[in-house]
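For reference, the structure discussed in these notes is given below.
Keep in mind that this is a model prediction, so the values were computed, not measured. Below, chains carry the letters A, B, ... as their sequence lines are ordered, and counting in each starts from 1.
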Protein chains: 2
Amino acid sequence: MPKLGMEPIRRAALVKATIDEIGAAGNLDVTVSSIAKRAGMSSALAHHYFGGKDQIFLAAMRHTLSVYGAEVRAALMTATGHRARLEAIIGASFASSNFQPDVIATWLNFYVLAQTSTDAHHLLVVYQRRLRSNLMYDLQPLIGQRAEGAAARIAGLIDGLYLRQGLARDVADQSDATAQVLALLDAELQGRAQ
Amino acid sequence: MPKLGMEPIRRAALVKATIDEIGAAGNLDVTVSSIAKRAGMSSALAHHYFGGKDQIFLAAMRHTLSVYGAEVRAALMTATGHRARLEAIIGASFASSNFQPDVIATWLNFYVLAQTSTDAHHLLVVYQRRLRSNLMYDLQPLIGQRAEGAAARIAGLIDGLYLRQGLARDVADQSDATAQVLALLDAELQGRAQ
DNA sequence: TTCTTTATTGACTCGTCAATCAATAAAAAG
DNA sequence: CTTTTTATTGATTGACGAGTCAATAAAGAA
């Protein structure tokens, strides 16, 4: 029963299924068949819409990044003042939608994928630049030329705590991760790191 | 020409070849054949000595961790005073032997492996505990109960910067990574993060 | 010298998986 | 009503790779 306009629906379903499947498997060794099955279609259809496995992964990566971007944007919308905006960025990075085990596993695997795929690499670079730029925008007015180093440390700590969370087996608290980065932010704003 | 006592030699060669091969491939999709070939033997022999692919990976992981551990121990040996010891730990974490692209790729892939392999997971937990414990040992006398949070942040930043380095294509400076963590250390010791 | 142990490999099995393709079906266009 | 376009899949192909095994060879032991 070929209803027209299936393409976007199928694509979205495949992207979601990819993330779920990576989360369930814990690595990128997920087959097109298993993804397609989870999305309720045949593997042939997945190939039909995406062309190949790599492109399915890339689409999932873009989706994850765009969800994160939206989260940050929404958080920034409600924040006023540089300090509040910085806290919003940090909070969004550890928001529950990015902090699900599935999503973390997906991120982690993207880092691996980025080592071989130019496209994946580029997407991660974009993410890093955006995070850095967001931080700089509000750090610079507060601490001037010290913003550069502070942004590098805050961004690094976010990534590091995210990585640790990916390793943790239990569904640990994102509140703790957030608190750690906020503590660092405090230190940076008080100017004790140069 | 079966000279006796080949086992340790072959095992060591396979471990080294595994790290090289992962570094060259950029992911864990390296075949036993390619590893064995790089190590100058048949894949059958690799299976003979290790039993299976997983165990080859685990051995490579143990080796990487033990090299890192030795590096830290050596650095601590020559350092006197809590502050110097902390700097030694940080320096060792970014020492050139761990900061080679091959080794970084291997670490990254171990994080992925740890999501499915209990053994791999355990090894990484041991690493994290050791790092944390090393940091705490010297932080506690300096800043007392604030040591806990400080150790989490420093360890997190080390991991995060390591991750970023794994993503960077160019052979960037470990001096910068070290400097960032040292700046954080400064801030923590001055007590501006609580 | 004969037997056992260690070293070593080529050839093979078995499974898996990405990608293709021909075939089916239903909507829409003409 | 015919043709084209979109949707969909089962079956198949072709490649690759982990693990096994029998066979070969050289030491050392008896």
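- Remark: the Y68(B) side chain and the S97(B) side chain contain no N/O donor-acceptor pair separated by less than 3.5 Å.
- If one axis is set at each end of the helix from dT1(C)-dA30(D) to dG30(C)-dC1(D) from five pairs, those axes are 10° apart, to 10°.
- Of the residues listed (R38(A), K37(A), K16(A)), the one engaging E21(A) in a side-chain hydrogen bond (donor to acceptor under 3.5 Å, both in side chains) is R38(A), and it is the only one.
- Taking the centre of each ring, Y127(B) and W107(B) come in below the 6.0 Å mark.
- Residue G51(B) is out of contact with every strand shown, counting any heavy-atom pair closer than 4.0 Å.
- For the pair S43(B) and P8(B), nearest-nucleotide mapping onto DNA chain C gives the more 5' position to P8(B).
- Atom NZ of K53(A) is separated from atom P of dA15(D) by 18 Å (rounded to the nearest Å).
- E7(A) places its CD atom 17 Å from the C1' atom of dA27(C), with the value rounded to the nearest Å.
- Distance alone, capped at 3.5 Å, is enough to place a donor-acceptor pair between the T64(B) side chain and the A60(B) backbone.
- Picking from dA18(D), dT8(D), dG10(D) the nucleotide with the shortest atom distance to the side chain of T31(B) gives dA18(D).
- Paired with L86(A) under the rule side-chain contact (heavy atoms from CB on, under 4.5 Å), one option of I154(A), N134(A), L139(A) passes, and it is L139(A).
- Cation-pi check for R85(B) over Y137(B) is not met; the charged atom does not lie both under 6.0 angstrom from the ring centroid and within 45 degrees of its normal.
- Contacts of Y49(A) with the nucleic acid, taken as non-hydrogen atoms under 4.0 Å apart, involve only primed sugar atoms and P, OP1 or OP2.
- Note: NE2 (H47(A)) to P (dT9(D)) measures 14 Å, nearest angstrom.
- The shortest distance between the side-chain N/O atoms of R10(B) and the OP1/OP2 oxygens of dT8(C) is below 4.0 Å.
- L4(A) places its CG atom 18 Å from the P atom of dA25(C), with the value rounded to the nearest Å.
- Rounded to an integer number of Å, the gap from CG of L45(A) to P of dA25(C) is 17 Å.
- Counting only N and O atoms by type, the side chains of D159(B) and Y162(A) include no donor and acceptor under 3.5 Å apart.
- Counting to the nearest Å, the P atom of dA18(C) and the CG atom of D29(B) are 11 Å from each other.
- Among the atoms of the strands shown, base atoms are found under 4.0 Å from some heavy atom of S42(B).
- As rounded to whole Å, 17 Å separates atom C1' of dA19(C) from atom CE of M41(A).
- At whole-Å resolution of the value, NZ in K37(B) and P in dG17(D) are 12 Å apart.
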